[in-house]
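This report refers to the structure that appears directly beneath it.
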Amino acid sequence: HHVEYLNYEVLDDHGWELSDDDLFEKAAGAYLDEDDYGELLVEDNQSLLEAAEGDGHAWPFACRGGACTNCAVAVVEGEMPTPTNHILPQEMLDRGIRLSCISSPVSDELKVVFNVKYLPGVNELLL
Ligand code: FES
């Protein structure tokens with residue numbers, strides 16, 4: 001599964017919004033550091049967090065078990081279901097928020113904004 005990732009922290013610097021339709025096009029043209037924007041491959045049943053770490057990235061996490069929201073990401077395109085046992089309310093799931101420690105992409109292509117733990121609504125769940 002091919003994943004394109006973008007760091008939530010750089011959105012503010014550029015005046016971008018998570019809801020921008022062309023967010024990833026803008027990111028691709030912005031000469032961002034590879035820590036903030038790039039691509040990686042995730043094996044079947046490998047968690048997104050593990051794949052990112054395997055690729056040399058230090059994405060935020062704490063519990064690694066779906067019990068905090070430090071590892072939260074926002075899925076912008078593609079499918080990444082999440083197991084039932086986790087802390088996220090349905091409303092967050094509806095907005096595309098997932099926990100990267102327990103979630104694996106199922107679509108061939110996925111676009112995610114990682115590091116969304118400070119997103120309003122997610123930050124209240126942080127432990
Ligand atoms: Fe705690 Fe993923 S690291 S939910």
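This one's a predicted model, so the numbers in the text were calculated from it and none came from an experiment. Atoms within each ligand, like the ligands themselves, are counted from 1 in listed order. For this chain, numbers begin at 1 and follow the sequence in order.
Annotation for E34: atom CD does not count as buried by contact number, only 12 or fewer foreign heavy atoms lying within 6.0 Å. Around the CG atom of D33, the shell of radius 6.0 Å holds more than 12 heavy atoms that belong to other residues, nucleotides or ligands.
Taking both residues in full, the closest heavy atoms of G65 and I102 are given as C-CG2, 4.0 Å, listed atom of the first, atom of the second, then distance.
Side-chain rings of H57 and Y5 approach one another, their centers coming within less than 6.0 Å.
Counting only distance, with no hydrogens or angles, the side chain of D20 and the backbone of E17 share a donor-acceptor pair below 3.5 Å.
Near A62, with a cut-off below 4.0 Å to any heavy atom, the atoms of ligand 1 are 3 (S). The ligand atoms of ligand 1 that sit less than 4.0 angstrom from a heavy atom of C101 are 2 (Fe), 3 (S), 4 (S).
With a heavy-atom cut-off of 4.0 Å, A67 touches ligand 1 through its backbone alone. Contacts between C63 and ligand 1 below 4.0 angstrom, taking non-hydrogen atoms only, involve backbone and side chain alike.
In the candidate list C68, G66, C71, C71 is nearest to atom 2 (Fe) of ligand 1, counting heavy atoms.
In terms of protein heavy-atom proximity, atom 3 (S) of ligand 1 is closest to R64 N, 3.1 Å.
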